[in-house]
Engineer: 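Have a look at this one.
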Amino acid sequence: MGSDVGKLKSELKEKVLKLFEDFMTRLAKLEELGTSGSKLLTGFKQGLEFLRRPPIDRTSELIENVVKSNETKRVKSYFESGCLNVHDSVQNMSKLRTSLLGLTDHLSKAKSILKELECLLEDVSSAIQTATECLPPAWDNDFSNGLDLQATNDEEDIKSSDLQEPEMTEIAAMMGIIYSMLKKDYAMQEKIVISLNLKSLSVELESYCLMWSLHPFINDEIMHRAWRLIP
C-alpha cells in the first residue's frame, strides 16, 4: 500500500510540475506581449502629441526677426499650415493607426494566452482532485487543504499555508494567485486601449503609459517566488 501511495504522489508531483512549467512558459509570452504593448502605447502618445504641437509663437521679437530674415516661400508656407509639415503629419497619423491596430492585436493575443493559463489551472486542480480521491484519508487532508484555486486572490494564502506537500499544493495555489493578478492586469490594459482616441488628453496618456509599465495588480514578490520554483 505504501509503495502505491508513493508512486501516486510521485506521478502527481511530476504532472503538476509539468503543468506549472507550461504555465510559466505562457506567462513569459504574456510578459513579452506586455512590453511590446507598452511600446505601442508610447508610440500612440508620441504621435498624438506631435499633431497637437503648438505653432511657433511669432509674438516673440526674436522669433519674428529670425523668420523675417529667412522668409522664403517654404518658410511662409510652413507657418501658414500652422507650423506642421504635411509629410510628418501624414506619417504620425499612420503611426497612430498602426499603434491602435497593434494594441488591439495585443489584447487578442493576451486574451488567448489567459485562456490557456486558465485551462492549465483547471488541469492542475483536476489532477490534485483525482489524487485526493485515490489517496488514503491521511494524505487526502494534506492535498485538499486550502485548494480553492479559482477563488484564490490573496497572496497571504501562500505565506500562511501549513501543508505537508508544498511542492504541489503551493504551486497550485500560486498558479491561482498569478492567474487572478494577470486577469486584473489584462482588464486594465483593455480599458486603456478602448479609451484611446484623438481627443485623449496628454495627462491621461501619460497616466496610461505609467500604469501599463508599472503593472499595479502584479505582486513582484509572488512572481519571483514562482520563477524560483522552476527546477
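Here the structure is a predicted model, which is why all the values come from computation and not from measurement.
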Engineer: Can you tell me how far apart CD1 (Ile192) and CG (Leu41) are? Round to the nearest 0.5 Å.
Structural biologist: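 CG of Leu41 is found 6.5 Å from CD1 of Ile192.
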
Engineer: Tell me the closest heavy-atom pair linking Leu120 and Asp22, and the distance in Å.
Structural biologist: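 Closest approach of Leu120 to Asp22: CD1-C, 3.7 Å.
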
Engineer: Please tell me if the side chains of Ile230 and Phe20 come closer than 4.5 Å, counting only heavy atoms from C-beta onward.
Structural biologist: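 Heavy-atom side-chain distance check passes, below 4.5 Å.
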
Engineer: Do Leu198 and Leu205 share a hydrophobic cluster (ILVMFWY, side-chain heavy atoms under 4.5 Å, transitive)?
Structural biologist: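 Leu198 and Leu205: one cluster.
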
Engineer: Does the Ser180 side chain pair with the main chain of Gly176, one donor and one acceptor, at a distance under 3.5 Å?
Structural biologist: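 No; judged by distance alone, with no hydrogens or angles, the pair does not exist.
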
Engineer: Would you give the length of the straight line joining atom OG of Ser207 to atom CG of Leu201, rounded to the nearest 0.5 angstrom?
Structural biologist: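 Spacing of OG (Ser207) from CG (Leu201) equals 10.0 Å.
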
Engineer: With Leu27, which residues qualify under side-chain contact (heavy atoms from CB on, under 4.5 Å), at least two apart?
Structural biologist: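 Result, side-chain contact (heavy atoms from CB on, under 4.5 Å) vs Leu27: Met24, Glu31, Ile178, Leu182, Met223, Trp227.
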
Engineer: Could you work out, with ring pair (Phe, Tyr, Trp, His ring centres under 6.0 Å) as the rule, every residue matching His106, not counting sequence neighbours?
Structural biologist: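 With neighbours one apart ignored, the set is Trp212.
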
Engineer: Run the side-chain contact (heavy atoms from CB on, under 4.5 Å) test on Leu40 and Leu100 for me, step by step, so that the C-alpha distance in whole Å, both residues' side-chain angles and the decisive distance to 0.1 Å come before the verdict.
Structural biologist: CA-CA 8 Å; Leu40 288 168; Leu100 279 177; over 6 Å; no

Engineer: Check side-chain contact (heavy atoms from CB on, under 4.5 Å) between Lys39 and all other residues, then give those that pass, not counting sequence neighbours.
Structural biologist: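 For Lys39 the side-chain contact (heavy atoms from CB on, under 4.5 Å) partners, ignoring immediate neighbours, are Thr35.
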
Engineer: Of Met211, Lys184, His215, which is the lone residue that meets side-chain contact (heavy atoms from CB on, under 4.5 Å) with Gln189?
Structural biologist: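 That would be His215; it is the only one of Met211, Lys184, His215 passing the side-chain contact (heavy atoms from CB on, under 4.5 Å) with Gln189.
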
Engineer: How close do Ile222 and Met181 get, heavy atom to heavy atom, and via which atoms?
Structural biologist: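 Closest approach of Ile222 to Met181, heavy atoms only: CG2-CE, 4.0 Å.
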
Engineer: Would you check if the side chain of Thr42 reaches a backbone N or O of Ser38 as a donor-acceptor pair within less than 3.5 Å?
Structural biologist: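 Looks like yes, one N/O pair under 3.5 Å.
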
Engineer: Between Arg97 and Met93 (side chain of the first, backbone of the second, donor and acceptor by atom type, cut-off under 3.5 Å), is there such a pair?
Structural biologist: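 Between the backbone of Met93 and the side chain of Arg97 there is no qualifying donor-acceptor contact (under 3.5 Å).
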
Engineer: Got a second to check how far Met168's CE is from Lys13's NZ, nearest 0.5 Å?
Structural biologist: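 Met168 atom CE to Lys13 atom NZ measures 7.0 Å (nearest 0.5 Å).
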
Engineer: Should Lys45 and Glu49 count as an ion pair when the cut-off is N to O under 4.0 Å?
Structural biologist: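 Yes.
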
Engineer: Any chance you could lay out the side-chain contact (heavy atoms from CB on, under 4.5 Å) test for Arg26 and Leu30, step after step, and finish with the verdict?
Structural biologist: CA-CA 6 Å; Arg26 285 162 177 76; Leu30 195 60; over 6 Å; no

Engineer: Closest heavy-atom contact between Leu48 and Ser200?
Structural biologist: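 It is CD2-O, 3.8 Å.
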
Engineer: Between atom CG of Leu33 and atom CG of Leu107, what is the distance when rounded to the nearest 0.5 Å?
Structural biologist: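 If we round to the nearest 0.5 Å, Leu33:CG and Leu107:CG are 10.0 Å apart.
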
Engineer: Glu190 versus Tyr186: any side-chain heavy-atom pair under 4.5 Å?
Structural biologist: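 With C-beta onward as the side chain, the pair touches.
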
Engineer: Judged by modelled atom types alone, do Tyr208 and Ser195 share a side-chain donor-acceptor pair under 3.5 Å?
Structural biologist: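 There is such a pair between these side chains.
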
Engineer: For Leu117 versus Tyr179, what's the shortest heavy-atom pair and its separation?
Structural biologist: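 Taking every non-hydrogen atom into account, CB-CD1, 4.0 Å.
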
Engineer: Backbone N or O of Glu21 within a donor-acceptor pair of the Thr25 side chain at under 3.5 Å?
Structural biologist: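 Yes, because the side chain of Thr25 sits within donor-acceptor range (under 3.5 Å) of the backbone of Glu21.
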
Engineer: Taking all non-hydrogen atoms of both residues into account, name the closest pair between Met174 and Leu229 and its distance.
Structural biologist: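 The pair with the smallest heavy-atom distance is SD-CD1, 3.8 Å.
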
Engineer: For the CG atom of Leu103 and the OG1 atom of Thr98, what is their distance to the nearest 0.5 Å?
Structural biologist: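 With rounding to 0.5 Å, CG (Leu103) is 11.0 Å from OG1 (Thr98).
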
Engineer: What's the verdict on salt bridge (charged side-chain N to carboxylate O under 4.0 Å, His left out) for Arg225 and Glu170, showing C-alpha distance, side-chain angles and the deciding distance?
Structural biologist: CA-CA 11 Å; Arg225 187 170 181 178; Glu170 181 181 355; 2.9 Å; yes

Engineer: Give, for atom CD of Glu32 and atom NZ of Lys109, the distance between the pair rounded to the nearest 0.5 Å.
Structural biologist: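 Answer for the CD-NZ pair, Glu32 versus Lys109, is 11.0 Å.
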
Engineer: Should the pair Lys115-Glu118 be classified as a salt bridge under the 4.0 Å nitrogen-to-oxygen rule?
Structural biologist: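 Judged by the 4.0 Å cut-off on N to carboxylate O distance, Lys115 and Glu118 do form a salt bridge.
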
Engineer: Taking atom NZ of Lys95 as the centre, does the number of heavy atoms from other residues, nucleotides or ligands within less than 6.0 Å exceed 12?
Structural biologist: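 Atom NZ in Lys95 is crowded, with more than 12 foreign heavy atoms closer than 6.0 Å.
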
Engineer: Quick one: does any side-chain atom of Ser108 pair with a main-chain N or O of Thr104 as donor and acceptor, under 3.5 Å?
Structural biologist: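 Between the backbone of Thr104 and the side chain of Ser108 there is no qualifying donor-acceptor contact (under 3.5 Å).
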
